[in-house]
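First comes the structure, then the notes that go with it.
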Amino acid sequence: MVRIVSVADFLDPGQGFDPTPAEQELIDAWRAGQPCTLGDGTLPEAESPGRRVRADLLRLLILGGTPGCGLHVAGVALVGAWVAGELDLRAASARGQTVLVLCRFEERPLIAQARLEHLDLAGSKLPGLFAPGARIGGALVLRGATVTGTVDVSAAEIGGQLDCDGATMTAGEGGALFGQGMKLGQGLYLRKAKVTGTVAVNGAKIGGQFTLAEATLTAGMGRALDAQGLSLGHSLVLSKACITGTVNVAGAETGGQLDCTEASLTGGREASLIGGTEERQTEGRCTAFIGQGLRVKHQLIFKKLVRVQGLVSLGSARVGDLVDDTDSWAKATGPVWLDGFTYDRIVGATTDARERLGWLARAAGGGGAFYPQPYTRLAKVLAAMGHARGPREVLLEHERLFARHGRRRAGAWPSGESRRRVWPRLRAVLQRGLNVPRAAWDTLVRGVVGYGYFPTRSVIVLFALWLLATTLAHMAWVSGGFAPASDVILTSEGWQAIRAGAGNAAALWSAPGAPGQDWETFSRYAWAADLLVPLVDLGQTAAWAPTTAQGKWGWWLWWARWPLVVAGWVVVALVAAAVTGILQKDRD
């Protein structure tokens with residue numbers, strides 16, 4: 001194609017350019033500083049003289065035409081054109097605004113390193129847009145456009161917004177929207193857009209909002225949204241979005257919210273860093289959301305989600321308020337990784353400890369690992385919000401899981417080279433044997449004082465032991481299974497005389513008028529308390545002792561008092577440890 005060097009040459013019949021009616025109309029409107037609407041102003045379905053405008057002419061007009069041709073500083077405004085050829089504005093500088101609305105481009109426009117005041121391609125259909133490094137003072141508008149190739153705005157600087165609301169984008173080799181490292185003065189809008197391929201804005205800096213509300217992103221098993229290291233002045237909105245492929249916002253920073261309300265997330269096969277190591281997805285597994293190192297200044301909204309297929313990772317993420325519902329987390333078909341995830345408050349959602357523990361159970365471990373931080377963080381947040389019992393319930397569960405993980409790790413069978421050696425195998429066998437008393441002690445500490453977080457449980461335990469001791473003491477007393485705990489009395493004539501007869505010797509000997517009427521009066525209740533509580537001396541166990549010589553109940557009590565005494569000491573010791581804080585651990 002012969003390049004058009006001036007408007008005068010183009011209009012000169014002797015030059016052989018033969019302007020179409022559409023081109024003549026455009027030049028006339030441009031000279032008058034008016035928009036040019038071709039035909040009925042709709043997107044042309046076929047090429048015709050009334051719609052056809054050569055890209056080379058369009059380039060000449062966008063750049064300001066030539067001296068003496070009646071240039072108007074407003075720029076070019078063209079509606080409903082069929083743009084023939086390649087519009088090449090690379091490294092060029094446009095004059096005025098460039099508005100090419102509802103135009104059909106035969107080839108993708110090239111505006112790499114170009115300088116434009118404003119570029120509006122709303123409703124147009126084009127086979128991609130090549131604009132890396134472009135400088136646009138105002139906005140880049142692709143609202144309602146249909147793009148069948150890549151929109152490449154990598155490293156571009158756009159003073160206004162990038163408006164792709166309602167656009168339909170079908171990926172090229174570089175993805176559907178490639179905006180790596182671009183800078184936007186305002187927002188990036190993809191509301192109700194239909195995108196097939198990756199939206200890549202990793203490393204971009206966006207001064208306003210980035211919204212994908214009600215958008216449909218389809219990347220198959222690839223990455224649907226790549227926003228690693230994104231710096232966002234306001235919110236990232238995914239509400240009601242339907243996303244097929246991984247959402248990767250690792251290391252991103254937002255000055256507002258991250259809103260996933262009513263979103264549908266169907267993950268792709270994406271590698272995810274878990275616990276500092278890269279975990280590759282196996283067959284049948286996928287990653288829905290990667291937010292490691294994410295920073296959200298205000299709220300993370302994760303509620304009413306329609307679908308969460310795959311892994312969700314928020315490791316080391318930091319948000320202000322957590323606004324969620326446990327049902328949305330439960331919809332995740334893969335693990336939910338929360339190790340290092342921190343938040344200041346839980347807002348507009350349940351703070352019931354039991355429901356929250358169900359949420360954390362999905363993040364408690366994986367691959368043989370246990371992550372205590374999610375539990376200590378939840379306990380700290382609930383405490384800061386004024387809850388009293390909830391934090392202790394969370395820490396109780398934390399201690400239970402921590403102890404169980406410790407036993408599993410201690411008894412783990414050696415692997416690799418260690419498996420061939422005798423000592424590692426022997427040590428594993430010994431550790432598994434030691435896990436039995438470890439588990440018993442753990443159960444005891446948890447049941448009696450709740451690892452120090454619920455010391456009042458000991459009252460129930462002591463009461464149960466007291467009832468048992470009281471029952472045994474009562475049965476032993478009425479069956480004659482008690483005797484005075486004194487050698488002098490046991491050898492006295494009074495006791496020997498009554499002892500030789502029938503019936504309850506202890507009761508008869510200590511009855512009013514009997515030889516032992518002034519002896520310590522027996523109380524089954526006080527005797528049981530005296531037996532169990534080592535710090536209390538009621539004089540009962542010093543005065544009366546069970547005997548194995550008078551019936552089975554005395555025999556049972558004689559043997560049972562030893563474990564009862566030990567149990568009383570253990571309970572009292574655990575209570576003392578709980579009250580003094582020895583059992584409580586601050587692991588956050």
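One is the number of the first residue; the rest follow in order along the sequence.
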Test side chain to side chain contact (heavy atoms under 4.5 Å, CB included), reference Leu258, set Leu232, Leu236, Val319, Ile301, output is Leu236

Atom NZ of Lys303: over 12 foreign heavy atoms under 6.0 Å
yes

Intermediate values then yes/no, salt bridge (Lys or Arg N to Asp or Glu O under 4.0 Å), Asp339 and Arg377:
CA-CA 10 Å; Asp339 186 34; Arg377 169 51 58 173; over 6 Å; no

Heavy-atom pair of closest approach, residues Phe370 and Leu401
CE1-CB, 3.5 Å

Say whether Thr261 and Asp259, considering side chains only, have a donor N or O and an acceptor N or O under 3.5 Å apart.
yes

Under 3.5 Å, is there a donor-acceptor pair between the side chain of Trp466 and the main chain of Tyr525?
yes

How long is the straight-line distance from NE2 of His474 back to OG of Ser523, given to the nearest 0.5 Å?
12.0 Å

Between Thr351 and His387, is any pair of side-chain heavy atoms under 4.5 Å apart?
yes

Given the rule in the side-chain hydrogen bond (donor to acceptor under 3.5 Å, both in side chains) test, do Arg307 and Thr266 qualify, once you have shown the distances and angles that lead to the verdict?
CA-CA 7 Å; Arg307 177 185 179 93; Thr266 303; 2.9 Å; yes

Taking every heavy atom of Ala204 against every heavy atom of Leu230, the minimum-distance pair comes out as O-CD1, 3.4 Å

Can you confirm whether Val199 sits close enough to Leu217 that some side-chain heavy atom of one is under 4.5 Å from a side-chain heavy atom of the other?
yes

Between OH of Tyr371 and CG of Leu360, what distance do you get to the nearest 0.5 Å?
14.5 Å

For Arg389, give me all partners under salt bridge (Lys or Arg N to Asp or Glu O under 4.0 Å), at least two apart in sequence or on another chain.
Glu393

Listing, residues 554-576 side-chain donor-acceptor contacts under 3.5 Å, not counting sequence neighbours, or none:
{"residue": "Arg561", "atom": "NE", "partner": "Trp558", "partner atom": "O", "Å": "3.3"}
{"residue": "Trp562", "atom": "NE1", "partner": "Trp558", "partner atom": "O", "Å": "3.4"}

Look at the aromatic rings of Trp477 and Phe482 and report parallel, tilted or perpendicular, splitting at 30° and 60°.
tilted

Side-chain heavy-atom pair Leu395, Tyr375 within 4.5 angstrom cut-off
no

Is there a side-chain contact between Leu305 and Cys260 in this structure, where contact means two heavy atoms from C-beta onward sitting under 4.5 Å apart?
yes

Does Pro484 reach the side chain of Trp509, with side-chain heavy atoms less than 4.5 Å apart?
yes

Keeping the roles fixed (side chain from Gln373, backbone from Gly340), state whether a donor-acceptor pair exists under 3.5 Å.
yes

Is the shortest heavy-atom distance from the side chain of Asp226 to the side chain of Val201 under 4.5 Å?
no

Would you mind telling me which of Asn248, Ile290, Leu238 makes a side chain to side chain contact (heavy atoms under 4.5 Å, CB included) with Leu225?
Leu238

Salt bridge check: are Asp344 and Lys380 linked by an N-O gap of less than 4.0 Å?
no

Run the salt-bridge test on Arg345 and Asp321 with the 4.0 Å N-O cut-off and return the result as yes or no.
yes

Partner set under salt bridge (Lys or Arg N to Asp or Glu O under 4.0 Å) for Glu397, not counting sequence neighbours
Arg400

In short, Ala506 meets Ser510 closest at the heavy-atom pair O-OG, 2.8 Å

Within the side chain of Arg354, is there an N or O that forms a donor-acceptor pair under 3.5 Å with the backbone of Asp352?
no

Residue pairs passing the side-chain hydrogen bond (donor to acceptor under 3.5 Å, both in side chains) test where at least one lies in residues 535-547, sequence neighbours excluded
Glu520-Gln540, Asp530-Thr541

May I ask you to check whether over 12 heavy atoms, not counting those of Trp495, lie within 6.0 Å of atom CH2?
yes

Are there over 12 heavy-atom neighbours, none belonging to Lys297, within less than 6.0 Å of that residue's NZ?
no

Contact summary for Leu190 and Ala215, nearest pair of heavy atoms:
O-CB, 3.3 Å

So which pairs with a foot in residues 308-335 pass ring pair (Phe, Tyr, Trp, His ring centres under 6.0 Å), sequence neighbours left out?
Phe302-Trp329, Trp329-Trp359

Parallel, tilted or perpendicular: which describes the rings of Phe522 and Trp527, with under 30° parallel and over 60° perpendicular?
tilted

Closest contact, heavy atoms only, Ala224 versus Thr244
CB-O, 3.8 Å

Does Tyr453 reach the side chain of Glu399, with side-chain heavy atoms less than 4.5 Å apart?
yes

Polar side-chain atom of Thr198 near backbone of Ala200 as donor-acceptor pair, under 3.5 Å
no

Thr287 side-chain N/O to Gly267 backbone N/O, donor-acceptor pair under 3.5 Å:
no

Distance col, row Leu322:CG vs Ile346:CD1, nearest 0.5 angstrom, shows 6.0 Å

Looking only at heavy atoms, the pair that brings Ala288 and Val308 closest together is CB-CG1, 4.3 Å

Flag the pair Asp325 / Thr350 as yes when at least one side-chain heavy-atom distance between them is below 4.5 Å, and no otherwise.
no

Within 45° of the ring axis of Phe454 and under 6.0 Å from its six-membered ring centre, is that where the NZ or CZ of Arg392 lies?
yes

Any chance you could measure Leu300, atom CG, to Leu294, atom CG, to the nearest 0.5 Å?
7.5 Å

Considering residues at least two apart in sequence or located in another chain, which fulfil the salt bridge (Lys or Arg N to Asp or Glu O under 4.0 Å) criterion with Arg457?
none

Is a side-chain N or O of Arg524 found less than 3.5 angstrom from the main chain of Thr471, in a donor-acceptor match?
no

